[in-house]
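Heads up: the structure comes next, in structure tokens.
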Protein chains: 2
Amino acid sequence: MTEPTRPMRRQDIRRENEKAILLAAEKVFAEAGFGGATMQLIADLAGLPKANLHYYFATKEELYRSVVQNIFEIWLQAANCFDAARGPVDGISAYIDAKMEISRRHPDGSKVWASEVMHGAPVLQDYMESTLREWTDGRVEIIRRWIEEGKMDPVDPRHLLYMLWATTQHYADFGHQIETLNGGKSLSDRQWREAKENIKRVILTGIGAQPA
Amino acid sequence: MTEPTRPMRRQDIRRENEKAILLAAEKVFAEAGFGGATMQLIADLAGLPKANLHYYFATKEELYRSVVQNIFEIWLQAANCFDAARGPVDGISAYIDAKMEISRRHPDGSKVWASEVMHGAPVLQDYMESTLREWTDGRVEIIRRWIEEGKMDPVDPRHLLYMLWATTQHYADFGHQIETLNGGKSLSDRQWREAKENIKRVILTGIGAQPA
DNA sequence: TTGCATCCTGACCGTATGGTCAGCTTTCAG
DNA sequence: CTGAAAGCTGACCATACGGTCAGGATGCAA
């Protein structure tokens, strides 16, 4: 019995319900897109009556915004790997690992994020123009320094970042395609490890940063 | 006056209207997703009354299916580059060029395709299990042969393909993000060329196929 | 225990959307 | 020239969806 007794404190109720709604919403938005998602479906998945959703989130847009913001946080968090590193091998390896872990553990989030961007970022445009831009500029600077210090070949930092994003997120966003091509089965632990290793090897070798 | 005289032949009318509808649909589906797209919007963009859409395409699903199939054709066509090539440098270079050209000229199509796959390929599942699988297996075999012949390092062919798809399609699917990070301007000719060169260089070097 | 704020929800509403259809116009084969 | 087939469309319909609300249930501070 993991189910605790009924009486919950107010705080807990709020927290748990919001969490359940956000989780359900993430999944439904990922599977159906914003337009295809319905509050009823999200409510059912969260195990709550629809009207209760509107108690916590006034509108569909507000709920969506919360979901997308959550994802953006996670996305940015993976960034820290970069800063701690002393060179491209450490930094990029760690970043690839982190992003692949997100693709594996948070595929729905990744899809919602992809969808949001594909549709022109109607909700997150301001974040992209501020936070994301700053983050990117910072990393570009780091990569530039690595190049100057001769730690890697002179590759355009921006295109390198795009490549890292694309390659890692692909395993979440196009997970269904990958599964289909994998005989309908999701990737095993081993296959995920191989994926990571392949990406790291090709990119690190490709930018001339591999020690060997 | 490029506008020809009114009287059109039946055949032309049909062809032109279908083309206009398909084009409008591709754009609207790309911008709003299947659920968010409305027949009215597509009709307006195509310059036709809504009822006329239903004359050519019975349902929204049927229209969507046509759009997605069109895209899939283009997607597969880029494949030919692979077969003609005698080695990874030629083959992969040409494939990257072709796919980048698609990303640039057909971003809406790419987005619809991405959306379709992200949502679990409800319409194209059968194609993925037949045509796409066969195509992929064929290319995997080619890459394997290149490896055996010592023309490139032993990289997992599947993960290499995913990397090619991801990297090239990213420029269409996440074009809005890239534009935003590019100061709100779309990439110039020069930037597209640099993108291609960067990708080719990193990947070809990464798999040990660069002549130099 | 009491009073109040928070939490919950079935029933309801207005609107937007996919789809239909009767009847019109236009093309064209014979 | 004529009739039938193809093309076209305004008006209409049923439904599904986002959102509202009145009023009941519940936790909790005092």
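Each chain gets a letter, A, B and so on, in the order its sequence line appears, and its residues count up from 1. Only heavy atoms go into these numbers, but all of them, side chains included; no hydrogens, no water, no symmetry mates.
A salt bridge between R190(A) and E194(A) is present, with a side-chain N of the basic residue lying under 4.0 Å from a carboxylate O of the acidic one.
Computed from coordinates, the E61(B) CD to dT17(C) P distance equals 16 Å when rounded to whole Å. Between K50(B) atom NZ and dA11(D) atom C1' the separation is 11 Å, expressed in whole Å. The CG atom of D12(B) sits 18 Å away from the P atom of dT26(C) (whole-angstrom rounding). In this structure, H54(A) places its NE2 atom 17 Å from P of dA22(D), rounding to the nearest Å. When the C1' atom of dG19(D) is taken as reference, atom OH of Y64(A) falls 20 Å away, rounded to whole Å. We find that CD1 of I21(B) is positioned 9 Å from P of dC8(D), with the value rounded to whole Å.
The aromatic rings of Y171(B) and Y162(A) sit perpendicular, their planes meeting at an angle over 60°, well past the 30° parallel limit. The aromatic rings of Y127(B) and F72(B) sit perpendicular to each other, their planes meeting at more than 60°, with 30° as the lower class boundary.
A salt bridge (Lys or Arg N to Asp or Glu O under 4.0 Å) check over residues 106-132 of chain B, counting only residues at least two apart or in different chains, returns nothing.
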For nucleotides 3-8 of chain C, 5' to 3', base contacts (B), sugar-phosphate-only contacts (S) and non-contacts (-) with protein non-hydrogen atoms under 4.0 Å give --BSBS
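Between H176(B) and Q125(A), some side-chain heavy-atom pair lies under the 4.5 Å cut-off.
The base of dG19(C) is not paired with the side chain of K60(B) by any donor and acceptor separated by under 3.5 Å.
Between dG10(C), dG19(D), dC21(C), one nucleotide has an atom nearer to the side chain of A51(A) than all others, and that is dG10(C).
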